[in-house]
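All figures in this text were calculated on a predicted structure; none of them were measured in a lab.
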Amino acid sequence: MMKYTPQIIEKKWQKYWEENDSYEPDSSHDKPKKYILSMFPYPSGRIHMGHVRNYSISDAISRHYRKNNFNVLHPIGWDSFGMPAENAAIKHNLHPKKWTYENIDYMRSELSSLGLSFSKKREFATSDELYSKFEQEFLIKMFNEGLLYQNTQSVNWCQTCHTVLANEQVVDGCCWRCDNESELKLMPSYSIAITKYAQELHDDLKKLENGWPKQVITMQKNWIGRSEGLEFALEFTDKSKELLDGKFDSFEVFTTRPDTIYGVTYSALAADHEIVNYLIQNNKIPQAAQDRLLKIQNQSERDRNIADKEGVELGLHVIHPFTKEEIPVLVANFVLSSYGSGAVMAVPAHDERDFEFASQYNLPIKTVITPKSGELVTDRAYTEAGLLIDSGEFSGMNSTKAGSSIIYHFEKNSMGKRKVNFKLRDWGISRQRYWGAPLPFIKCDSCGIVPVKKEDLPVTLPKDVKISGEGNPLDNHPTWKYTTCPTCGKDAVKETDTMDTFVQSSWYFLRYVSENLQDKPYNDEDVKYWMGVDQYVGGIEHAILHLLYARFFTKALRDLGYIDIDEPFSNLLTQGMVLKDGAKMSKSKGNTVDPSSIIQKYGADTARMFILFAAPVAKELEWNDSGVEGAFRFIKRFTNRAENVTLNTLPSIDHKSLSKEEKLARKKVYEALKKSNEIYEEGFGFNTLIAASMEALNALNTQSNEKIWSEAYYILTNILEPIAPHICWEIASEKFNLKNFKKLEILEEVFVEDSMKLALTINGKKRAEVEVEKTLSKDEILTLAKEELSSWIDGKNIIKEIYVPNKLVNIVVK
RNA sequence: GCGGACGUGGUGAAAUUGGUAUACACGCCAGACUUAGGAUCUGGUGCCUCACGGCGUGGAGGUUCAAGUCCUCUCGUCCGCACCA
């Protein structure tokens with residue numbers, strides 16, 4: 001009897017795969033390819049169950065396609081820049097680089113204990129200087145093409161730590177490390193002009209509809225926030241122009257509801273609109289109003305979101321473009337300067353915010369849209385479409401038609417134009433950090449910002465660095481930043497900001513397509529062959545940021561002439577979280593399960609099988625120790641029964657001559673094979689594939705035909721190999737010399753049966769079951785059914801008789 | 001508030017085109033083997049009922065010979081966005 005000893009056989013096969021380079025892709029491009037990618041890990045120190053789930057899924061997919069004769073690329077690497085390394089440096093006085101690369105070594109060994117079929121020769125870390133070199137080349141190109149720029153913008157700043165905080169590092173308005181309140185500060189920083197691609201990023205979501213989860217597409221759509229409308233200028237009255245010293249004649253507003261334009265009763269500006277700033281700087285409004293404006297200006301985004309509506313009168317008026325009435329201009333705290341033109345036309349009768357604001361400040365409310373049917377309500381804003389009233393020549397039109405007519409009118413008379421606006425903002429990539437990729441620019445007093453010369457790349461981090469948590473370590477370094485200007489040769493300083501780590505993860509999938517080239521990031525032929533990623537697997541938490549940035553980078557690199565694809569990830573699978581006791585596993589909650597201890601106790605195959613069996617891949621997975629035991633027991637049983645295999649090849653079997661049990665066993669085995677072909681095409685239902693395999697083993701146990709056992713293991717070790725590779729390699733090599741690891745044909749004959757089971761139902765309710773020969777006619781079957789069901793029919797009228805072949809008979813009685 | 005997803009046994013979950021609800025597993029119960037069992041094997045297990053039978057996929061209606069599946073309304077849970085004009 002084969003004894004199941006995962007600790008021994010798993011080591012054995014891992015060593016074998018390593019020594020034979022079993023999972024390196026072919027360098028030739030002859031075969032059809034599959035690029036299977038799991039989101040690369042941050043080397044935090046140890047792997048967690050989320051990693052196990054992620055890589056178990058991508059590994060199963062990779063192994064499946066490899067056996068089906070695809071050339072498979074399934075790489076792994078490390079997203080290795082980032083703040084935890086600096087925090088470790090502060091806390092434990094470790095150099096970030098040492099901490100990071102030691103973590104990588106440890107996690108690499110943890111991952112290999114899972115038996116993952118990674119293409120290891122392409123492994124790299126994003127903190128490798130070579131990777132930075134190519135990335136810096138991309139960034140310089142972006143800079144030269146105007147896709148990367150520097151400006152001064154408002155950032156989250158911690159006064160205590162003297163550093164900029166990323167949005168996600170501000171927790172409840174406070175610095176996540178020192179807990180002091182974070183504030184907004186104007187600082188020079190680098191931004192990538194992702195907004196130039198807003199339209200394409202929006203439009204190309206259509207191309208992903210079949211390959212990406214709907215939810216992710218929706219989230220990206222919302223984030224990009226495309227909206228169509230009308231942009232036009234509101235002109236000041238002469239008196240107001242005078243107040244503004246003739247500096248401003250008008251300002252632009254944007255609306256998605258041009259049909260409501262006759263309902264405009266006031267206009268609102270953002271608190272930091274340039275006109276408002278002019279009024280403040282030139283002392284044109286009372287001190288009290290200025291104070292309130294400054295207060296609103298300095299409010300953090302978070303405070304602003306929860307604040308009540310607040311307005312400040314400016315004493316300015318504009319002229320309504322149609323009615324020529326004078327309407328007041330105010331500052332409203334809910335108007336954002338970062339969206340549209342930072343100013344709105346306000347229609348209180350048909351916009352909730354405008355209504356609330358108008359009620360609060362006693363501004364007029366003028367109804368111009370009525371519902372097509374039903375009563376018009378006036379105690380709140382009516383925001384639906386309807387019919388226009390009191391709207392001059394547009395009265396009587398419906399909203400949609402009026403909207404386009406009004407835009408047409410504006411365009412014809414050069415008063416305004418159709419406009420598309422996006423919520424998406426440019427991507428600020430400056431971080432005042434040490435452990436990040438340096439920005440390859442030099443600041444020169446005479447020449448401004450100058451890219452580092454190509455031959456001087458990469459710009460690398462200094463090794464000797466003091467990381468105290470205060471200030472920017474690169475800026476504080478005694479010598480690092482001093483250099484000379486590449487253009488004029490005068491003294492200059494290097495840029496001391498480093499890049500957001502999302503820059504590295506925006507193109508790592510391109511680096512994998514070639515094997516560690518030293519002189520360029522990748523070969524063009526390799527990109528052509530391997531891209532796009534056929535299956536991307538990762539957590540839903542990256543639904544917006546990473547996936548949007550990577551999509552953008554792909555398009556930008558395309559336009560810069562580097563690559564020739566539009567979208568990087570053809571298919572996306574977002575796995576669910578791993579929970580314990582109903583909550584996400586986390587150290588602070590103390591509900592973690594360490595993958596390594598599970599592997600030690602049960603083996604990697606058990607861990608992998610449990611995690612794929614316990615829930616559908618996209619759903620949350622509740623960790624359950626008894627469930628793990630169940631997976632372990634199945635693998636043990638599967639191993640023990642292998643003793644019934646006596647033939648070392650696929651036997652030929654005369655199906656017709658088999659007993660009922662034997663036929664059923666074969667059918668279950670081939671059903672599992674069929675399932676295994678289906679799930680990789682659609683849905684990745686590993687849970688049902690494993691269930692089908694369990695059913696097959698249960699059915700096999702009811703008979704003892706050696707041929708059937710041998711055939712079954714020939715097939716089952718093949719289809720379970722992607723899930724539990726070690727034990728399947730062990731059994732398949734022992735019994736079949738691994739000859740069964742290839743595409744297997746489905747024998748349709750095992751599904752052909754001469755009899756069928758029929759449910760006998762009365763009014764749709766199952767009352768009996770019969771097994772009948774398939775040769776019986778419909779009438780014979782109905783007669784038989786009525787006999788079987790006589791006790792239910794007697795004394796009643798039969799109204800209808802329905803026979804569905806292979807399924808049921810339904811007799812309708814009254 | 002807006003948008004999306006989802007509600008099936010004690011638990012995780014199955015269920016082609018509408019066609020036998022609860023596959024598979026966990027747990028539980030009983031038995032076998034055993035010095036022992038938290039190992040292994042066998043059988044049972046939706047709920048109510050002694051039984052006949054009845055009821056069952058969040059709830060209420062509807063379509064249909066037939067509804068977990070389709071339609072309408074409703075309740076609940078989760079997720080995302082959240083003053084974007």
Watson-Crick or G-U wobble partner of [N], both distances under 3.5 Å:
N      : value
U64(B) : none
A85(B) : none
G43(B) : C29(B)
G37(B) : none
A51(B) : none
G7(B)  : C75(B)
U17(B) : none
G12(B) : C24(B)

| Axial cation check for F751(A) ring with K674(A), 6.0 Å and 45° limits | yes
The side chain of [X] is closest to which nucleotide in this list: [options]?
X       : options                : result
V804(A) : G19(B), C65(B), A23(B) : G19(B)
P616(A) : A13(B), C26(B), G3(B)  : A13(B)
L336(A) : A85(B), G3(B), G27(B)  : A85(B)
K807(A) : C41(B), C24(B), G19(B) : G19(B)
R641(A) : A14(B), C65(B), C41(B) : C41(B)
A759(A) : A23(B), C65(B), U20(B) : U20(B)
F613(A) : G19(B), A25(B), G3(B)  : A25(B)

Nearest-Å distance once atom [atom1] is located in both [N] and [M]:
N      : M      : atom1 : value
U17(B) : G68(B) : C1'   : 16 Å
C6(B)  : U16(B) : P     : 15 Å
G18(B) : G9(B)  : P     : 24 Å
C26(B) : G80(B) : P     : 34 Å
U69(B) : A21(B) : C1'   : 11 Å
G58(B) : U77(B) : C1'   : 10 Å
G56(B) : G46(B) : C1'   : 8 Å
A13(B) : A82(B) : C1'   : 34 Å

Ranking E620(A) and R633(A) by the position along RNA chain B of their nearest nucleotide, the one closer to 5' is E620(A)
Judged by nearest nucleotide, the residue sitting upstream toward the 5' end of RNA chain B, K766(A) or Q215(A), is K766(A)
Rounded to the nearest Å, what distance is computed from the [atom1] atom of residue [X] to the [atom2] atom of nucleotide [N]?
X       : N      : atom1 : atom2 : value
F355(A) : G1(B)  : CZ    : P     : 18 Å
N222(A) : G3(B)  : CG    : P     : 11 Å
D625(A) : U11(B) : CG    : C1'   : 14 Å
F686(A) : A23(B) : CZ    : P     : 24 Å
N763(A) : A67(B) : CG    : P     : 10 Å
L269(A) : A85(B) : CG    : P     : 17 Å
W223(A) : C79(B) : CH2   : P     : 18 Å
N333(A) : C83(B) : CG    : P     : 11 Å

d(I679(A) CD1, E682(A) CD) to nearest 0.5 Å is 11.5 Å
Classify the nucleic acid contact of [X] as base, sugar-phosphate or nothing, counting any heavy atom under 4.0 Å across all strands shown.
X       : answer
F422(A) : nothing
N698(A) : sugar-phosphate
T761(A) : nothing
K619(A) : sugar-phosphate
G225(A) : nothing
R226(A) : nothing
V335(A) : base

Return no unless some side-chain N or O of [X] is found under 4.0 Å from OP1 or OP2 of [N].
X       : N      : result
K636(A) : U40(B) : yes
N687(A) : A23(B) : no
K765(A) : A66(B) : no
K214(A) : A5(B)  : yes
T688(A) : C24(B) : no

Salt-bridge contact E209(A)-K214(A) (side-chain N to carboxylate O under 4.0 Å):
no
Paired with F638(A), the ring pair (Phe, Tyr, Trp, His ring centres under 6.0 Å) test is passed by just one of W709(A), Y713(A), F632(A), Y4(A), namely Y713(A)
Anything under 30° is parallel, anything over 60° is perpendicular, the rest tilted; go ahead and classify Y361(A) against F357(A).
tilted
Item to check | Ring geometry between H320(A) and Y262(A) (parallel below 30°, tilted from 30 to 60°, perpendicular above 60°) | outcome: tilted
Test salt bridge (Lys or Arg N to Asp or Glu O under 4.0 Å), reference E753(A), set K660(A), K667(A), R666(A), K774(A), output is K667(A)
Glycosidic torsion of G18(B) (syn if within 90° of 0, anti otherwise) classifies it as anti
Side chain proximity check, N763(A) to I811(A), heavy atoms < 4.5 angstrom: no
Between S755(A) and E771(A): side-chain donor-acceptor atoms closer than 3.5 Å | yes
